[in-house]
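Below is one structure; the comments refer to it alone.
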Amino acid sequence: MMEKKAMAIEKINAYMQKLKTMEKKFDPLSHFTLHKVLSQISPQFYTKDELTQIEKVNHILCQEANLPSISQSKEKRVEVVNDKKRRRPNNEDIIYDGERKVKSKSTIRKKPIIHKKETMLSPPPELPSHVNNMIKVLNGSDIKYIMCKELFKSDLNYYLNRLSMPITQIKSDFLTEIEKTTLKTRDHEGKPIGIKVIVLDPCFNEFSLFLKKWNMKTTSIYNLHQDWTPILLKNNFKENQKLDIWSFRINEKLYLLLNDNETHKIEESRELKNSTGVSKKKKE
């Protein structure tokens, strides 16, 4: 009986060791293109070890494809610059002074002095009347202009499912101290904890999203994500389109409103043209 128990324990230990070796590890080769893109756009989704693995695979693939490395490209640039320096000038640019060749002063070009203009902070735009009326209907208060957001390809990507708002472009302090501390906290996986917000699209449709703060290498970014794709499906947003983002509160709950000011101006001009046309017909 004792021998059978010992044999059974040995088999169990061997089986457990097999299970440990069979545990799935991170494989950068699987879906490498996706891992490469995500590691550049959102490195926070990977650990340091995983990022180094992706970089190693990328380096090996570049060597196999005979692509120049960074050091090689720098050497080529230096050669091109030196080659340009070695080139002889045109005969028109040379005045012969005996045996010595002297370059004429007229051919020496001075680099233009570029004066940097001081960047002035642009004042916030006026609150559109239709936006103000809707906020009044909702009994909203504490209205603040956040930013003018230009939509990029990444903002219109259904897979990424988020709208980025760089903190450097934020025009007002629209968060409470409690909300700021919440955005600074991280969960057990090191991912940021977000706050729930209500987002109104340009047609005043309501959507429930999460606002999170991502700390990048040089700056930080607010991201509206989770259910951002339904807003894209509901609206015909385009690349380089600009949206004015406003914030207000209802019973201390944070609301964000996306306003397409240009489209609304076009609609208002059409309404004015139609009204003037109708009034002219009545007079006739």
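Owing to the predicted nature of the structure, the values given are computational and were not obtained by experimental measurement.
Residue-environment remark: CD (Glu239) exceeds the threshold of 12 foreign heavy atoms within 6.0 Å. Within 6.0 Å of NZ in Lys253 there are more than 12 heavy atoms belonging to other residues, nucleotides or ligands. The number of heavy atoms from other shown groups lying within 6.0 Å of CG (Asn251) does not exceed 12. Residue-environment remark: NZ (Lys180) exceeds the threshold of 12 foreign heavy atoms within 6.0 Å. Counting heavy atoms of neighbouring residues, nucleotides and ligands inside a 6.0 Å radius, atom CG of Leu233 exceeds 12 of them. Counting heavy-atom neighbours within 6.0 Å of Tyr159 OH, excluding the residue itself, gives a total of 12 or less.
Remark: the backbone N or O of Leu256 is not paired with any side-chain donor or acceptor of Ser247 at under 3.5 angstrom. In this structure, the side chain of Trp228 engages the main chain of Asp155 through a donor-acceptor pair within 3.5 Å. With hydrogens and angles ignored, the 3.5 Å screen pairs a side-chain donor or acceptor of Glu179 with a backbone N or O of Thr176. When atom types are taken as modelled, the side chain of Asp201 and the backbone of Cys203 share a donor-acceptor pair closer than 3.5 angstrom. Looking at Asn235, its side chain never comes within 3.5 Å of a backbone N or O of Leu232 through a donor-acceptor pair.
Rounding to the nearest 0.5 angstrom, the gap separating the NZ atom in Lys149 from the CG atom in Leu243 is 9.0 Å. Summarising the geometry, atom CG belonging to Asp187 is positioned 5.5 Å from atom CD1 belonging to Ile193; distances are rounded to the nearest 0.5 Å. Between Phe248 atom CZ and Ile198 atom CD1 the span is 9.5 Å, to the nearest 0.5 Å. Separation of atoms NZ (Lys184) and OG1 (Thr181) is listed at 7.5 Å; rounding is to 0.5 Å. Taking NZ from Lys153 and CG from Asn240, the interatomic distance works out to 9.5 Å, rounded to the nearest 0.5 Å. Note that the OG atom of Ser154 and the CZ atom of Arg162 stand 4.5 Å from one another [nearest 0.5 Å].
No side-chain N or O of Asn259 forms a donor-acceptor pair with one of Asp244 less than 3.5 Å apart. At a cut-off of 3.5 Å, with distance as the only test, a side-chain donor of Thr229 or Asn161 sits close to an acceptor on the other residue. One side chain, Asp260 or Gln241, offers a donor N or O that lies under 3.5 Å from an acceptor on the other.
Under the 4.5 Å side-chain heavy-atom criterion for Ile, Leu, Val, Met, Phe, Trp and Tyr, Leu175 and Ile146 are members of the same hydrophobic cluster.
The shortest non-hydrogen separation linking Glu206 to Tyr255 is OE2-CE2, 4.4 Å. In terms of heavy atoms, Phe210 sits closest to Gly194 at CD2-C, 4.1 Å. Across every non-hydrogen atom of Arg249 and Phe174, the tightest pair is NH2-O, 3.0 Å. Shown here for Ser220 and Asn215, the closest heavy-atom pair between the two residues is OG-OD1, 2.8 Å. Ser172 approaches Lys144 most closely through the heavy-atom pair OG-CB, 3.8 Å.
Judged as a side-chain hydrogen bond (donor to acceptor under 3.5 Å, both in side chains), and not counting sequence neighbours, Asp227 has no contacts. Annotation: side chain to side chain contact (heavy atoms under 4.5 Å, CB included) contacts of Ser141 (sequence neighbours excluded): none.
Side-chain contact check for Ile231 versus Phe237: some heavy-atom pair is nearer than 4.5 Å.
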